[in-house]
Amino acid sequence: MRMVAENSSVTEFILAGLTNQPELQSPLFFLFLGFYMVTMLGNLGLITLIGLNSHLHTPMYFLLYNLSFIDLCYSTVITPKMLMSFVSKKNIISYAGCMTQLFFFLFFVISESFILSAMAYDRYVAICNPLVYTVTMSPHVCLLLFLGVYVMGFAGAMAHTACVVRLTFCANNLIDHYMCDILPLLERSCSSTYVNETVVFVVVGIDIGVPTVTIFISYALILSSILRIHSTEGRSKAFRTCSSHIIVVSLFFGSGAFMYLKPSSLLPMNQGKVSSLFYTIVVPMLNPLIYSLRNKDVKVALKKTLSKKSFS
């Protein structure tokens, strides 16, 4: 609590939630509770399937395993607290709790952006250089990708959180959001936020820019390779796989860029809350469906797992 006393007169914040309209509180509570349950079941199911089936122990499913783990964690960091805003008159969070939520949210959301780029690179190697896939995506390379994803997540989260901790918060402790996010916290600061805004543009630019460029280059090369496929069926199958990935990537990076790479004066916070719903609630729920439940290998693994349980 010494950190709070030195930097701020505020020891707790009040989260305003998604809406202040009473008639919407109960429907939104059950809607997002349903989203959260689907997210948990989908991602836990995928993690369990990959862990139990040895034929899924490949680089692609190693990355899917980590994607599901990240989605599971950062959805849990955000959604339960958001659900409380629908049933509580005052949804209070301590200063330390707010900074903790901010750090872990940023850690997982940045890690997600880099795991998506790693998945695009994996698909590029599989489609464009299939003969050297096992060498290029060796266990050593997968470990380096794994470490790179989480190191970038940790570095980005530390940079943002350290900058927010140095701010002074005065009398107004109402955060106009359903979570402790960077921009709503900057609005409540009664000290200069110039350094913070600069860090947001630089760090978020890197965390969105580097993965976006990687994904764009990977898919440009994949598209070039697909166009050389003579089989119409093989080409359409590859296009379907790519389109699913591109849709999720567009939702995730588009909503993130819309939220963080525009000046706060040009983006009303209500629009920011709606934008952040995509990458905090919708994307973690859709990822297991788009990346795995339409996948033949995962369906076979699910049937085998269920048949083993039935037999036992």
Side-chain angles (χ1 to χ4, degrees), residues 33-80 104-105 107-127 130 133-154 157 211 215 218 240-241 244-245 247-249 252 279-312:
L33 178 62
F35 283 174
Y36 184 59
M37 292 175 66
V38 172
T39 302
M40 292 297 102
L41 288 172
N43 287 292
L44 277 173
L46 182 56
I47 289 171
T48 303
L49 278 178
I50 294 173
L52 292 178
N53 292 271
S54 58
H55 74 278
L56 296 182
H57 295 174
T58 62
M60 183 180 76
Y61 292 104
F62 170 76
L63 294 172
L64 279 171
Y65 185 97
N66 280 277
L67 176 68
S68 289
F69 172 74
I70 291 169
D71 284 337
L72 188 71
C73 290
Y74 96 76
S75 183
T76 300
V77 168
I78 300 302
T79 310
F104 282 105
F105 159 66
F107 173 72
F108 288 117
V109 81
I110 293 169
S111 297
E112 171 122 345
S113 69
F114 282 95
I115 201 75
L116 288 173
S117 64
M119 291 171 68
Y121 174 72
D122 171 76
R123 291 299 85 202
Y124 153 72
V125 176
I127 294 172
Y133 178 76
T134 53
V135 177
T136 307
M137 295 299 294
S138 65
H140 178 69
V141 172
C142 288
L143 179 60
L144 289 177
L145 287 173
F146 171 83
L147 291 174
V149 164
Y150 292 109
V151 166
M152 291 302 295
F154 180 80
I215 291 168
S218 297
R240 284 196 304 271
T241 304
S244 297
H245 189 197
I247 288 169
V248 172
V249 166
F252 181 80
Y279 62 86
T280 58
I281 307 295
V282 177
V283 172
M285 181 181 67
L286 292 179
N287 280 344
L289 304 173
I290 291 175
Y291 289 117
S292 60
L293 295 184
R294 295 172 60 189
N295 184 293
K296 184 179 178 181
D297 292 336
V298 173
K299 288 181 179 179
V300 170
L302 180 60
K303 287 179 181 178
K304 284 184 179 180
T305 304
L306 292 176
S307 63
K308 284 180 182 177
K309 287 187 175 181
S310 299
F311 181 75
S312 61

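Sequence positions, counted from 1, serve as the residue numbers for this chain.
For the atom pair Leu116 CG and Ile70 CD1, the distance stands at 8.5 Å (nearest 0.5 Å). The distance from the CG atom of Leu67 to the CG atom of Leu72 is 11.0 Å, given to the nearest 0.5 Å. In this structure, Phe146 CZ and Leu63 CG are separated by 11.0 Å, a value rounded to the nearest 0.5 Å. For the atom pair Ile115 CD1 and Leu145 CG, the distance stands at 7.5 Å (nearest 0.5 Å). One finds the CD1 atom of Ile78 at 6.5 Å from the OG1 atom of Thr280 (value rounded to the nearest 0.5 Å). Between the CD1 atom of Ile47 and the CG atom of Leu64 there is a distance of 11.0 Å, given to the nearest 0.5 Å.
For Ser68, the side-chain hydrogen bond (donor to acceptor under 3.5 Å, both in side chains) criterion is met by Asn43, not counting sequence neighbours. Judged as a ring-ring contact (aromatic ring centres under 6.0 Å, His included), and not counting sequence neighbours, Tyr124 has no contacts.
Other residues, nucleotides and ligands place no more than 12 heavy atoms under 6.0 Å from the NE2 atom of His140.
Thr136 has its side chain within reach of Tyr121: a pair of non-hydrogen atoms, C-beta onward, lies under 4.5 Å apart. Contact check for Met137 versus Thr58: no side-chain heavy atoms found under the 4.5 Å cut-off. Proximity of Leu49 to Tyr61: side-chain heavy atoms (C-beta onward) are nowhere separated by under 4.5 Å. Using a 4.5 Å cut-off on side-chain heavy atoms (C-beta onward), Asn66 and Val149 make no contact. For the pair Met40/Thr76, a side-chain contact is recorded, criterion being any heavy-atom separation below 4.5 Å from C-beta on.
Note: Phe154 and Tyr150 fail the aromatic proximity criterion, with ring centroids not under 6.0 Å apart.
Pro59 and Cys142 make their closest contact through CB-SG, 3.7 Å (heavy atoms, listed as atom of the first residue, atom of the second, distance). Counting all heavy atoms, side chain and backbone alike, Val125 lies closest to Tyr133 at CG1-CD1, 3.6 Å. Of all heavy-atom pairs between Pro284 and Ser75, the closest is CB-CB, 4.4 Å. Nearest heavy atoms, Ile215 versus Ser117: CG1-CA, 3.7 Å.
For the pair His57 (side chain) and Ile50 (backbone), a donor-acceptor distance under 3.5 Å is present.
Residue Ile110 is tested with Phe107, Phe114, Phe108 for a side-chain contact (heavy atoms from CB on, under 4.5 Å); the sole match is Phe114.
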Quick one: do Ile281 and Tyr36 satisfy side-chain contact (heavy atoms from CB on, under 4.5 Å)? Show the steps, please.
CA-CA 8 Å; Ile281 307 295; Tyr36 184 59; over 6 Å; no
